[in-house]
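Index from 1, following the sequence.
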Amino acid sequence: MAYELYYWDGIQGRGEFVRLALEEAGADYVDVTRQPGRGTGAMLEIMKSEGEPHIPFAPPFLKDGDLIIPHVANILFYLGPKLGLAPEDESLRYVANGLQLTITDFVAEVHDTHHPIDVSLYYEDQRQEAKARSAAFIRDRIPKFLGYFERVLKRNPKGADHIVGNAVTYVDLSLFQLLEGLTYAFPKAMKKSKAEYPALLALHDAVAKRPNIARYLACPRRLAFNEEGIFRHYPELDAAS
């Protein structure tokens, strides 16, 4: 039975971290809200269900048969061993999960650059606050997080080709997506700082060249970044660098 991925149609968002793992593994999956006749209504039906005992709070969530798994890091912790994208050493699977949870924290901060006050308000309603938040994010938070991942990558006892263990994991794929999104949202800032993270850049480029990922990036299933998702490019925020 195919995995069913539920996420908002039309955006990469948090769902893309799960898609990359499914695509890399060549897994059989359905992106439910993109299916004719199903759409977002099929996702909301589960979230608002009166009969489902374990309803998810928000997308993305994954269905594997009757099991519903919410939250990106939780989904990837579940899928990793099944897809061959988790370390064989079980103890390192918790290391991988910790790294993924750190990525989750960073992604939340990315979101807050363009919605620093209230998620129910439009960006245009909090533009000045977003400029201040983005300036601090570019100055302090990008170096803090990317510097951390760079150090972890370089200290991997199995070598700097992967963030954990000696083979590709879902965390490598998520770091690729993180750098892609940051480069889209803050191209000026990232151009200035990328040279500080050579190991991360090498990992990003290696992931992009993996056959299944390269095919996915070139096909219509890979949606373009846009200003409805987590990573948004507003020139005035990038100029804050």
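Minimum interatomic distance between Y6 and A42 (heavy atoms only, all atoms of both residues): CE2-O, 4.1 Å. Annotation for A73 and N97: closest pair O-OD1, 3.7 Å, computed over non-hydrogen atoms. Between T113 and A130, the shortest heavy-atom distance links the atoms O-CB, 3.2 Å. Taking each heavy atom of T169 and I163 in turn, the nearest pair found is OG1-CG2, 4.3 Å. In this structure, I11 and G229 approach most closely via the heavy-atom pair CG2-N, 4.0 Å. V164 and A96 get closest at one heavy-atom pair: CG1-CB, 4.0 Å.
L101 and L153 fall into different hydrophobic clusters, where Ile, Leu, Val, Met, Phe, Trp and Tyr are joined by side-chain heavy atoms under 4.5 Å apart, directly or via other members.
When the options K191, K194, H233 are evaluated for a side-chain hydrogen bond (donor to acceptor under 3.5 Å, both in side chains) with T183, the one that passes is K194. Of the candidates R127, Q128, K131, E236 forms a side-chain hydrogen bond (donor to acceptor under 3.5 Å, both in side chains) with just one, namely R127.
R19 pairs by the side chain to side chain donor-acceptor pair (under 3.5 Å) definition with E16, D31, not counting sequence neighbours. Not a single ring pair (Phe, Tyr, Trp, His ring centres under 6.0 Å) links H71 to another residue, sequence neighbours left out. Residues passing the ring pair (Phe, Tyr, Trp, His ring centres under 6.0 Å) test with F176, sequence neighbours excluded: H204. Residues forming a ring pair (Phe, Tyr, Trp, His ring centres under 6.0 Å) with Y148 (at least two apart in sequence, or on another chain): none. Under the rule for a ring pair (Phe, Tyr, Trp, His ring centres under 6.0 Å), Y7 has no partner lying at least two apart in sequence or in another chain.
To the nearest 0.5 Å, atoms CG (N226) and OH (Y184) are separated by 6.5 Å. We find the NZ-CD1 distance between K63 and I75 to be 13.5 Å, quoted to the nearest 0.5 Å. Expressed to the nearest 0.5 Å, how far CG of L200 lies from CG of L178 amounts to 8.5 Å. In this structure, the separation between CE on M190 and CD1 on I138 is 10.0 Å, given to the nearest 0.5 Å. The OG1 atom of T104 sits 8.5 Å away from atom CG of L76, with the distance rounded to the nearest 0.5 Å. With values rounded to the nearest 0.5 angstrom, L20 atom CG is found 10.5 Å from L85 atom CG.
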Could you walk me through whether Q12 and E180 satisfy the side-chain hydrogen bond (donor to acceptor under 3.5 Å, both in side chains) test, starting with their C-alpha distance in whole Å, then the side-chain angles of each, then the deciding distance to 0.1 Å, before giving a yes or no? CA-CA 11 Å; Q12 290 185 20; E180 286 281 294; over 6 Å; no

Residues I103, Q177; criterion side chain to side chain contact (heavy atoms under 4.5 Å, CB included); working and verdict: CA-CA 10 Å; I103 292 171; Q177 176 65 9; over 6 Å; no

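Checked by atom type and distance alone, the side chain of D238 pairs as donor or acceptor with a backbone atom of K188 at under 3.5 Å. Checked by atom type and distance alone, the side chain of N156 pairs as donor or acceptor with a backbone atom of H162 at under 3.5 Å. Proximity of a side-chain donor or acceptor of Q126 to a complementary backbone N or O of L121 within less than 3.5 Å is detected.
With contacts defined as side-chain heavy-atom distances shorter than 4.5 Å, the pair V171/V95 does not qualify. Side-chain contact between T102 and F149 is present, with at least one heavy-atom pair separated by less than 4.5 Å. P198 has its side chain within reach of E150: a pair of non-hydrogen atoms, C-beta onward, lies under 4.5 Å apart. Taking 4.5 Å as the limit, some side-chain heavy atom of F17 sits within range of a side-chain heavy atom of V107. Side-chain contact check for R34 versus L223: some heavy-atom pair is nearer than 4.5 Å.
Other residues, nucleotides and ligands contribute at most 12 non-hydrogen atoms within 6.0 Å of the CD atom of E90. Within 6.0 Å of the CD atom in Q35, the count of heavy atoms belonging to other residues, nucleotides or ligands exceeds 12. Shown here is D140, whose CG atom has more than 12 heavy atoms of other residues, nucleotides or ligands within 6.0 Å.
Between the side chains of E23 and Y29, at least one donor-acceptor pair of N or O atoms lies under 3.5 Å.
Ring planes of Y123 and Y234: parallel class, angle under 30° (limits at 30 and 60°). H115 and H111 have parallel rings, their planes meeting at less than 30° on a 0 to 90° scale where 60° marks the start of perpendicular.
Ring centers of F106 and F145: under 6.0 Å apart, within the cut-off. Aromatic ring centres of F186 and F137 lie closer together than 6.0 Å.
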Expected list for residues 48-59: side-chain donor-acceptor pairs under 3.5 angstrom, two or more places apart:
| from | atom 1 | to | atom 2 | distance (Å) |
| --- | --- | --- | --- | --- |
| S49 | OG | G51 | N | 3.0 |
| S49 | OG | E52 | N | 2.9 |
| E52 | OE2 | H54 | N | 3.0 |

